[in-house]
Amino acid sequence: MKVSVIIPTYNERENLEELFDRIKRALEGYDYEIIVVDDDSPDKTWELAQTLSEKYPVKVIRRIEEKGLSSAVIRGFREATGDVFVVMDADLQHPPEKIPELLKAIENGADVAIASRYVPGGKVENWYWYRKLISRGAIMVGRLALPRIRGVKDPVSGFFALRREVVEGVELNPVGFKILLEILVKGKYSRVEEVPFTFGLRKAGESKLGGKTILSYIKHVYRLMRWEGELDRLLKFSIVGFSGIIVNEGFLWAFVETLGWNRFLANIPATEMAILNNFIWNDLWTFRDLKRKPFWQRLLNFHLAALTGAVVQWAIYAFLVYFGMHYLLANLIGIGVSFIVRFLFNRHVTWS
Ligand code: GDD
Ligand code: MN
């Protein structure tokens, strides 16, 4: 088994020698190569890497035309000759001593092995609580929006290993900087394993991925949702939802006007008719490819989702009105949140 360690760099001159040295020690006994993909760093990282290639098995790619972290990693994949690829940062926030553990996981049958901050034993050094919160929140949003990565605790780690086959022939979008997210959604794999590690402090230099990252992350998740067809589902789910309103009104009218039922009570069977209508269309259309659970269980879960949505809707309405919001606006927000809750419940439970 040959290992290709892919390292994107931009102004990492000061970290390079220690990095190579620690990789060399960590990978003693392994057949490996290091591939540095540098975007023509002003500090001439590429030049130093070239010099160090006399001492270490390093191949240097100096890119002049292209820029960007993800596209650098993708370029690294193309240049790599190994059977297993390891991707890591150059700034020593990713301890090279973890690489053998990642490789062990692959040897034991994992297709992707992630050095993870968020499995037991993993952590982040020196982050303020709000940075942690943002990081965890962003990951939670990603996991809810993209069912394929639901089981992964740290899908945005920049430190991971994978079998060549996972990305071979897969078209990865170089936009955005969470390349692992891209791989986990589009790659060809069945087993992912996470190995805990401590995301340490940068040794030298500074981070290139600051401010704009949240927005760019949201855009990335959105693009992947579209790619996965999740956005189509969301659209279908809303169309079905609207059809439910018509069914609800129609039956309410019929129960009251033609059957003469009590107006206070007729609302209940009318709502049930709408729930049944929505269930049928979602089952036949929105989630038709995901009928893994038995029919009765799907039907039951769908009712649970409707109930949960109703409770959430009321709670948000009551909360906002209590704190002085106009009741019509509060209701609108309640409806919106309930919609999201029902979609996610159905996507992750009813049709999972
Ligand atoms: N070639 C190239 N081109 N390399 C780049 C570029 C670029 O445009 N931008 C950054 N790099 C290199 C850096 O030189 C470093 O080796 C690595 O990519 C990570 O960049 P940092 O600037 O150190 O990123 P970070 O520490 O803020 O973020 C890291 O942790 C995140 C998790 O919190 C990265 O690993 C992210 O991918 C990861 O999501
Ligand atoms: Mn870093």
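This is a predicted model, so every value here is computed, not measured. Ligands are counted one by one from 1 in listed order, and the atoms in each one are counted from 1 as well.
- Of the heavy atoms in Val37, only backbone atoms (N, CA, C, O) come closer than 4.0 Å to ligand 1.
- Using a cut-off of 2.8 Å, one finds that Asp91 contributes an N/O/S atom close to the Mn ion (ligand 2).
- In summary, the atoms of ligand 1 found under 4.0 Å from a heavy atom of Val156, numbered by their order in the structure, are 38 (C), 39 (O).
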Inset, instruction - Dump the intermediate steps for side-chain hydrogen bond (donor to acceptor under 3.5 Å, both in side chains) on Arg63 and Ser71, then the final yes or no. - result: CA-CA 10 Å; Arg63 301 196 307 170; Ser71 71; 3.0 Å; yes
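- Ring centroid separation for the pair Phe287 and Phe302 does not come in under the 6.0 Å cut-off.
- At under 3.5 Å, not a single nitrogen or oxygen of Trp127, backbone or side chain, sits near a nitrogen or oxygen of ligand 1.
- Counting heavy atoms closer than 4.0 Å to ligand 1, residue Ala72 contributes side-chain atoms (C-beta onward) but none from N, CA, C or O.
- Between Asp91 and ligand 1, at least one pair of N/O atoms sits closer than 3.5 Å.
- Between the side chains of Tyr118 and Ser135, a donor-acceptor pair is found at a separation under 3.5 Å.
- Less than 4.0 angstrom separates some heavy atom of Glu12 from each of these atoms of ligand 1: 13 (C), 14 (O), 15 (C), 16 (O).
- Counted within 6.0 Å of CD on Glu228, heavy atoms from surrounding residues, nucleotides or ligands total more than 12; the atom is thus considered enclosed.
- Note on ring orientation: taking the six-membered ring where Trp is involved, the planes of Phe85 and Phe77 are parallel (angle under 30°, cut-offs 30° and 60°).
- Using cut-offs of 30° and 60° on the angle between ring planes, the pair Phe159 and Phe197 is perpendicular.
- Stacking of Lys293 on the aromatic ring of Trp351 is not recorded, the 6.0 Å distance cut-off and the 45° axial limit not both being met.
- Using a non-hydrogen distance threshold of 4.0 Å, Arg63 does not register as a contact of ligand 1.
- Annotation: side chain of Val37 is not in contact with side chain of Glu66 (no heavy-atom distance under 4.5 Å).
- Per-residue contacts place Arg117 under 4.0 angstrom from the following atoms of ligand 1 (heavy atoms of the residue considered): 32 (C), 33 (O).
- Taking only nitrogen or oxygen atoms, main chain and side chain alike, Lys67 does not reach within less than 3.5 Å of ligand 1.
- Using a 4.0 Å cut-off to heavy atoms of Arg202, the atoms of ligand 1 that qualify are 21 (P), 22 (O), 23 (O).
- Distances below 4.0 Å separate heavy atoms of Ser207 from the following atoms of ligand 1: 22 (O), 25 (P), 27 (O).
- Taking backbone and side-chain atoms together, Gln93 has an N/O/S atom less than 2.8 Å away from the Mn ion (ligand 2).
- Proximity of the aromatic rings of Phe237 and Phe339 is defined here by a centroid distance below 6.0 angstrom, and this criterion is met.
- Between Phe199 and His94, the distance from one ring center to the other falls under 6.0 angstrom.
- Ligand 1 places these atoms under 4.0 Å from at least one heavy atom of Thr9: 1 (N), 2 (C), 4 (N), 14 (O).
- The distance from ligand 1 to the heavy atoms of Pro8 drops below 4.0 Å at these ligand atoms: 4 (N), 12 (C), 13 (C), 14 (O), 15 (C), 16 (O), 18 (O).
- Note: Tyr128 and Tyr130 meet the aromatic proximity criterion, with ring centroids under 6.0 Å apart.
- An N or O contact shorter than 3.5 Å links Asp89 to ligand 1 by distance.
- If you look at Phe159 next to ligand 1, there are no close heavy atoms at all, none under 4.0 Å.
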